[in-house]
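So the structure is just underneath, and the comments pick up after that.
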Amino acid sequence: MNKIVNIDWSNLGFTYTRTDLRYVSIWNDGNWDDGKLVEDNTITISEGSTALHYGQQCFEGLKAYRTKDGRIQLFRPDQNSKRLNNSCRRLLMPEVPEEKFIEACLQVVKANEAFVPPYGTGATLYLRPYVIGIGDNLGVKPAPQYLFGVFCSPVGAYFKGGLAPVNFTVSDYDRAAPSGTGAAKVGGNYAGSLLPHEQATKRGFADAIYLDPATHVKIEEVGAANFFGITKDDKFITPKSDSILPSITKYSLMHVAKEYLGLEVIEGDVFIDKLDIFKEAGACGTAAVISPIGGIEYKGKLHVFHSETEVGPITRKLYDTLCGIQFGDVEAPEGWIVEAK
Ligand code: PLP
Ligand code: COI
């Protein structure tokens with residue numbers, strides 16, 4: 001395909017750009033249809049759709065990367081498929097077979113090849129798969145029909161500055177309940193985060209940090225990203241909890257930290273009043289990639305890690321290795337890369 005689009009790739013933020021085609025498939029009477037690519041970027045659904053009233057919907061986020069030699073590749077789409085299906089099970093929605101999920105992602109990437117940013121610009125093509133309950137309905141019950149869609153948008157950095165440290169503040173709000181839907185990627189978790197996010201950004205912070213909802217003493221999430229810290233004796237520590245979203249980036253970084261950087265890796269408690277064990281800290285996620293955490297405000301005091309302006313050396317190595325794998329410059333562990341041919 002030789003289409004050229006006029007986009008300032010290096011200055012993209014995390015915003016919506018309409019691309020040419022998106023994938024839509026409908027579930028009815030126990031089966032998904034074959035699905036198709038469509039031009040229309042709007043969807044018409046019943047006013048009674050459970051997605052609109054009862055939050056019966058979930059989504060995913062993954063990226064397509066342009067390699068130095070011009071190929072396009074997806075990073076661990078099987079993991080997004082598994083997590084989407086966990087979210088579907090939690091909300092009584094039909095699962096999307098892994099093969100269908102990956103095929104839909106590949107179709108969308110190939111159909112919008114002109115929107116895959118060039119190598120070296122830092123930008124990527126973000127894919128947004130989602131499942132929503134649709135069809136006429138009134139009572140609180142699962143929908144009679146479902147829609148599985150995938151659209152895409154070229155994106156740049158999620159937090160301002162990319163690999164530049166940003167500060168976060170601890171919110172008094174909870175993101176999720178102890179046995180609620182925190183581990184599922186469902187819209188309700190994000191609706192509840194809009195107010196704490198706004199409160200944080202109005203005060204000059206990049207986002208809100210959420211503590212564990214049962215005791216409020218441990219870090220759980222950094223906005224729409226997971227937390228990791230590097231201790232003064234070079235251990236990679238990241239929270240373990242049933243109410244955080246299991247981040248694919250986080251699990252990938254745990255592997256990179258251990259196998260590529262030789263660090264000890266621990267999933268465990270990160271106490272908000274014991275931040276001085278860390279010399280570096282970061283937020284990680286598909287959208288966020290790695291955002292170095294300059295400092296965390298808690299109870300009126302800012303705890304600064306490595307620096308508010310400089311990236312720590314281990315955070316930089318983690319970032320370079322992860323991005324190297326994603327953009328095809330560093331050899332990936334088996335099964336992590338799916339090429340869009
Ligand atoms: N935590 C939340 C709440 C998120 O929305 C995301 C984004 O998907 C993450 C963490 C990071 O997860 P992943 O690395 O799989 O994108
Ligand atoms: C992601 O990192 O993919 C996210 O989902 C974060 C946010 C845009 C919801």
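First listed ligand is number 1; within each ligand, the first listed atom is number 1.
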Can you tell me which residue and heavy atom of the protein come closest to atom 1 (N) of ligand 1, and the distance to 0.1 Å? Glu221 OE1, 2.7 Å
Atoms in ligand 2 flagged as close to Tyr190, the criterion being non-hydrogen separation under 4.0 Å: 9 (C)
To which protein heavy atom is atom 9 (C) of ligand 1 closest, and what is the distance rounded to 0.1 Å? Ala224 O, 3.5 Å
Run the side-chain hydrogen bond (donor to acceptor under 3.5 Å, both in side chains) check on Gln57 and Tyr146 step by step: do they pass? CA-CA 9 Å; Gln57 61 87 252; Tyr146 294 86; over 6 Å; no
Under 4.0 Å from any heavy atom of Phe14, which atoms of ligand 2 are there? 8 (C)
Residue Asp172 excluded, over 12 heavy atoms near CG under 6.0 Å: no
Closest candidate by heavy atom, reference atom 10 (C) of ligand 1, pool Asn226, Asn80, Leu253, Thr249: Asn226
Nearest protein heavy atom to atom 7 (C) of ligand 2, by residue and atom, and its distance? Ala224 CB, 3.9 Å
Which residue owns the protein heavy atom closest to atom 8 (O) of ligand 1, what's the atom, and how far is it? Lys185 NZ, 2.7 Å
Quick test: of every protein heavy atom, which one is nearest to atom 16 (O) of ligand 1, and how far off is it to 0.1 Å? Thr286 OG1, 2.6 Å
Hey, do the aromatic rings of Tyr65 and Tyr119 have their centres closer than 6.0 Å? no
Hey, would you say the Phe148 and Tyr130 ring centroids sit under 6.0 Å apart? no
Do Thr238 and Glu267 pair up side chain to side chain, a donor and an acceptor below 3.5 Å, judged on atom types alone? no
Tyr190 heavy atoms within 4.0 Å reach ligand 1 at atoms 2 (C), 3 (C), 4 (C), 5 (O)
I want to confirm something. Looking only at heavy atoms, which of Glu60, Gln79, Arg83, Arg175 is nearest to atom 15 (O) of ligand 1? Arg83
Ring centroid separation Tyr23 to Phe151 under 6.0 Å: no
Please work out, at 4.0 Å between heavy atoms, whether the side chain, the backbone, both, or neither of Ala225 comes within that distance of ligand 1. backbone
Check ligand 2 against Lys185 and write out every atom of the ligand that is under 4.0 Å from a heavy-atom position of the residue. 4 (C), 5 (O)
Please check if atom NZ in Lys301 has more than 12 non-hydrogen atoms from other residues, nucleotides or ligands closer than 6.0 Å. no
Short N-O contact, Asp40 and Arg22, less than 4.0 angstrom: no
Is there at least one pair of N or O atoms, one from Tyr126 and one from ligand 2, spaced under 3.5 Å apart? yes
Identity and distance of the protein heavy atom lying nearest atom 2 (O) of ligand 2: Ala287 N, 2.8 Å
With distance as the sole criterion, is a donor-acceptor pair present between the side chains of Lys82 and Asn86 under 3.5 Å? no
Show which side-chain atoms of residues 333-341 pair as donor or acceptor with protein atoms under 3.5 Å away, not counting sequence neighbours.
{"unit_1": "Glu339", "atom_1": "OE1", "unit_2": "Arg71", "atom_2": "NH1", "d": "3.3"}

Got an N/O contact under 3.5 Å between Ala287 and ligand 1? no
State if Glu60 counts as touching ligand 2 under the rule of any non-hydrogen atom under 4.0 Å. no
